[in-house]
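Structure first, commentary second.
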Amino acid sequence: MRAAEIMTRPVITVQPNTPLREAVHELVDNGFAGLPVVDEDDRVIGVITERDALAASERDDGMAGSGA
């Protein structure tokens with residue numbers, strides 16, 4: 001089996017300025033453990049994971065101030 005056989009299409013991404021709450025919703029709603037973070041040219045510049053989101057929310061209530 002190859003990665004292409006199990007990839008999710010279309011690819012769901014977030015941008016660096018995406019509020020944490022929105023990124024978490026994408027993770028949860030789609031059952032993902034991580035999401036690619038892309039720049040304005042849709043180039044992958046990183047990945048946000050469930051662990052990243054949990055650490056941020058524990059560190060300084062990273063979910064606050066997201067407008068929700």
For this session: Please check if I45 and I12 belong to a single hydrophobic cluster, counting links between Ile, Leu, Val, Met, Phe, Trp and Tyr side chain heavy atoms closer than 4.5 Å.
Result: yes
Exercise. For the side-chain contact (heavy atoms from CB on, under 4.5 Å) test, which of V14, V24, T18 pairs with I48?
Worked result: V14
Problem set entry | Pairing residues for N17 by the side-chain hydrogen bond (donor to acceptor under 3.5 Å, both in side chains) criterion, not counting sequence neighbours | none
For this session: Indicate yes or no for a side-chain donor-acceptor contact from E5 to the backbone of R2 under 3.5 Å, with no hydrogens or angles considered.
Result: yes
Scan the side chains in residues 33-42 for donor-acceptor partners under 3.5 Å anywhere in the protein, sequence neighbours excluded, and list what turns up.
unit_1	atom_1	unit_2	atom_2	d
D39	OD1	D41	N	2.9
D39	OD1	D42	N	3.2
D39	OD1	R43	N	2.9
D39	OD2	R43	NE	3.1
D39	OD2	R43	NH2	3.1
D41	OD2	R43	NH2	3.2

Exercise. Sequence neighbours excluded, which residues qualify as side-chain hydrogen bond (donor to acceptor under 3.5 Å, both in side chains) partners of E26?
Worked result: N30
For this session: Return the set of residues passing side-chain hydrogen bond (donor to acceptor under 3.5 Å, both in side chains) with T49 (not counting sequence neighbours), or none when no residue passes.
Result: D52
Exercise. What's the shortest heavy-atom distance between S57 and L20, and which atoms?
Worked result: N-CD2, 4.5 Å
Problem set entry | Transitive ILVMFWY cluster of V11, excluding itself - 4.5 Å side-chain cut-off | none
Exercise. Which ILVMFWY residues are connected to L54, directly or by a chain of links, through side-chain heavy atoms under 4.5 Å apart?
Worked result: none
